[in-house]
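All remarks here apply to the structure that follows.
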Amino acid sequence: MDTEDTGELLLPRSRAANERLHALIPGGAHTYAKGDDQYPENLAPVISHGQGAHVWDVDGNRYVEYGSGLRSVSLGHAHPRVVEAVRRQLDRGSNFVRPSVVEVEAAERFLATVPTAEMVKFAKNGSDATTAAVRLARAATGRRRVALCADHPFFSTDDWFIGTTPMSAGIPDATNELTVAFPYGDLAATEELLARHPGDVACLILEPATHAEPPPGYLEGMRALADRHGCVLVFDEMITGFRWSEAGAQGLYGVVPDLSTFGKALGNGFAVSALAGRRELMERGGLRHSDDRVFLLSTTHGAETHSLAAAMAVLDTYVEEGVTARLHSLGERLAAGVRDAAAGMGVGDHVVVRGRASNLVFATLDEHGRPSQEYRTLFLRRLLAGGVLAPSFVVSSAISDADIDHTVDVAAQACAVYRKALDAGDPTPWMGGRPVKPVFRRQA
């Protein structure tokens with residue numbers, strides 16, 4: 001690890017590469033959540049390669065990585081079973097003028113794993129799948145408005161969602177007016193929203209679970225509300241899919257949505273997403289019905305054979321190797337270790353590990369218990385210096401006990417610095433520059 005005597009990480013090649021990225025790519029990354037503004041100043045590693053739970057930056061530093069691929073790489077980088085499945089398909093061609101037999105095999109495998117769905121259509125990214133669900137709901141109901149959960153951070157890059165964020169530049173007010181929001185866990189507020197827009201809400205879209213478990217009866221209540229008001233119930237399972245159970249959150253909680261969307265873990269880093277749901281709805285995007293046609297999903301690269309092969313290998317691995325259970329076990333061990341370390345350093349009320357064990361995040365709170373980007377900057381700095389790249393604590397199945405032990409040790413060192421900053425009432429001397437910034441903000 002390339003550090004000064006102070007323990008500060010030096011990243012000269014990464015800094016130069018970041019400058020090249022910004023010169024050619026708006027934002028310096030192809031996903032805002034990967035931007036260098038999400039990391040302490042001059043400490044945004046540019047990745048050279050990854051293997052299992054580890055990545056190496058262009059400066060030669062190795063890190064234990066969490067939240068790999070924005071939660072998409074749940075089996076670890078270059079997983080041999082996935083890579084071999086992809087390699088076999090690459091030798092057979094990746095895209096044709098007619099469907100490949102791989103498409104029906106992948107659909108059969110997906111629907112066998114997620115039996116609450118009756119049909120599925122694949123795409124390349126989650127945004128296209130969720131927008132297709134919204135379009136289908138509008139077509140099926142003849143209604144205009146979309147009701148989304150305000151407590152969930154992201155649904156799509158498309159206007160119906162981005163217009164609700166601080167980064168709404170370029171989206172007409174008329175579009176924004178068609179999206180309304182409800183709070184997670186509050187059935188009464190959602191029913192009041194539906195009553196305010198009688199017969200005009202096409203769908204209720206939400207993540208079935210967040211960083212906390214759904215309140216008892218909540219998902220069942222949302223199902224009942226959708227039925228009573230004639231709305232389509234859509235579960236965004238981009239994160240919960242496979243991490244909650246092999247059949248998604250809907251399989252775990254036993255509440256069946258009309259439509260659901262999957263991605264991220266589905267391809268272990270390869271580009272594949274899915275829209276799944278009831279045959280009656282999904283067939284409206286097909287050829288065997290008498291209603292007006294819905295342009296559901298039609299993507300040139302949506303059924304590339306190597307990505308679908310990756311998805312099948314992932315599904316098989318999850319089911320045969322009990323990956324979801326392993327993710328929970330690893331996450332529980334990590335959460336307990338970091339919580340103990342934080343408590344031992346006297347910052348247990350300030351460095352807070354939250355979420356389901358398979359999808360852990362951490363909050364950094366100031367001396368008043370408020371979320372703080374400044375303290376997050378301090379914490380991330382110390383993690384990076386110790387060889388831990390962790391915008392979250394979301395584990396992959398490639399994480400080892402030794403990786404967790406190392407992470408806990410580094411987190412303890414970070415918590416010791418955190419305590420010093422709290423005692424001083426000012427984290428600035430330990431930030432090393434400007435604070436990290438939230439993704440959704442109006443000004444750059």
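None of these values were measured; they are calculated from a predicted model.
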Min side-chain heavy-atom separation [X]-[Y] under 4.5 Å:
| X | Y | answer |
| --- | --- | --- |
| Val272 | Phe262 | no |
| Pro391 | Arg376 | yes |
| Leu389 | Leu383 | no |
| Thr364 | Pro371 | no |
| Ser307 | Thr305 | no |
| Pro183 | Asp151 | yes |
| Leu204 | Val234 | no |
| Asp59 | Pro12 | yes |

Item to complete: Quick one: do Leu178 and Trp160 satisfy side-chain contact (heavy atoms from CB on, under 4.5 Å)? Show the steps, please.
Response: CA-CA 7 Å; Leu178 295 179; Trp160 64 270; over 6 Å; no
Worksheet, complete the sentence: Exactly one candidate in Ile404, Val361, Leu360, Asn359 meets side chain to side chain contact (heavy atoms under 4.5 Å, CB included) with Phe393; the answer is Leu360
Discussion item. Checking Arg135 against Asp128 for the salt bridge (Lys or Arg N to Asp or Glu O under 4.0 Å) test, could you report, in this order, the C-alpha distance in whole Å, the side-chain angles of both residues, the deciding distance, and whether it holds?
Written reply: CA-CA 10 Å; Arg135 184 184 303 119; Asp128 286 350; over 6 Å; no
Looking only at atom types and distance, does a side-chain atom of [X] sit under 3.5 Å from a main-chain N or O of [Y], one as donor and one as acceptor?
| X | Y | result |
| --- | --- | --- |
| Lys124 | Ala271 | yes |
| Arg382 | Val410 | no |
| Arg441 | Pro166 | no |
| Thr130 | Gly126 | yes |
| Lys121 | Leu297 | yes |
| Ser156 | Thr131 | no |
| Thr324 | Phe242 | yes |
| Ser273 | Asn125 | yes |
| Tyr318 | Ala265 | no |
| Ser14 | Leu11 | no |

Nearest 0.5 Å please: distance from the [atom1] atom of [X] over to the [atom2] atom of [Y].
| X | Y | atom1 | atom2 | value |
| --- | --- | --- | --- | --- |
| Arg356 | Glu332 | CZ | CD | 9.0 Å |
| Ile205 | Cys149 | CD1 | SG | 10.5 Å |
| Leu206 | His152 | CG | NE2 | 6.0 Å |
| Phe182 | Leu187 | CZ | CG | 10.0 Å |
| Trp244 | Ile239 | CH2 | CD1 | 7.0 Å |
| Ser358 | Arg326 | OG | CZ | 13.5 Å |

Practice prompt. Report the C-alpha separation of Trp430 and Thr377 in whole Å, then their side-chain angles, then the decisive distance to 0.1 Å, and conclude whether the side-chain contact (heavy atoms from CB on, under 4.5 Å) test is met.
Written response: CA-CA 9 Å; Trp430 293 275; Thr377 306; over 6 Å; no
Item to complete: Evaluate the criterion salt bridge (Lys or Arg N to Asp or Glu O under 4.0 Å) for residue pair Lys437 and Asp37; output intermediate values, then yes/no.
Response: CA-CA 6 Å; Lys437 300 177 181 179; Asp37 59 338; over 6 Å; no
I need the minimum non-hydrogen distance between [X] and [Y], along with the two atoms involved.
| X | Y | result |
| --- | --- | --- |
| Tyr184 | Ala209 | OH-CA, 3.6 Å |
| Arg381 | Gly432 | CZ-CA, 3.7 Å |
| Pro438 | Gln373 | N-NE2, 3.5 Å |
| Arg223 | Val256 | NH1-O, 3.0 Å |
| Asn268 | Ser74 | OD1-N, 3.1 Å |
| Asp236 | Thr261 | CA-OG1, 3.5 Å |

Worksheet item: Quick one: are the ring centres of His350 and Tyr375 less than 6.0 Å apart?
Response: no
Discussion item. Under the criterion side-chain contact (heavy atoms from CB on, under 4.5 Å), I'd like the reasoning laid out for Leu308 against Phe110: C-alpha separation, chi angles, the key distance, then a yes or no.
Written reply: CA-CA 10 Å; Leu308 295 183; Phe110 179 91; over 6 Å; no
Polar side chain donor-acceptor pair, [X] to [Y], under 3.5 angstrom:
| X | Y | answer |
| --- | --- | --- |
| Ser68 | Glu65 | yes |
| His301 | Glu304 | yes |
| His211 | Arg354 | no |
| Tyr253 | Glu213 | yes |
| Ser260 | Gln250 | yes |
| Thr407 | Tyr66 | yes |

Worksheet item: Can you list the steps and then say if Thr210 with Glu207 is a side-chain hydrogen bond (donor to acceptor under 3.5 Å, both in side chains)?
Response: CA-CA 7 Å; Thr210 57; Glu207 294 178 1; over 6 Å; no
Item to complete: Apply the test salt bridge (Lys or Arg N to Asp or Glu O under 4.0 Å) to residues Glu84 and Arg87: give CA-CA distance (whole Å), side-chain angles for both, the deciding distance (0.1 Å), then the verdict.
Response: CA-CA 5 Å; Glu84 179 55 31; Arg87 186 175 287 119; 3.6 Å; yes
Worksheet item: Does a sphere of radius 6.0 Å around CZ in Arg419 hold more than 12 heavy atoms from other residues, nucleotides or ligands, not counting ones at 6.0 Å or beyond?
Response: yes
Worksheet item: Under 6.0 Å from the CG atom of Asp349, do we count more than 12 heavy atoms belonging to anything else shown?
Response: no
Practice prompt. Before giving the answer on side-chain contact (heavy atoms from CB on, under 4.5 Å), spell out for Tyr32 and Phe440 the whole-Å C-alpha distance, their side-chain angles and the decisive distance to 0.1 Å.
Written response: CA-CA 9 Å; Tyr32 285 117; Phe440 288 112; over 6 Å; no
Give every donor-acceptor pair under 3.5 Å between a side-chain atom in residues 41-56 and any protein atom, sequence neighbours left out.
{"unit_1": "Glu41", "atom_1": "OE1", "unit_2": "Arg434", "atom_2": "N", "d": "2.9"}
{"unit_1": "Asn42", "atom_1": "OD1", "unit_2": "Arg15", "atom_2": "NE", "d": "3.4"}
{"unit_1": "His54", "atom_1": "NE2", "unit_2": "Asp403", "atom_2": "OD1", "d": "2.9"}

Worksheet item: Under a 4.0 Å N-O cut-off, is there an ion pair linking Glu320 with Arg81?
Response: yes
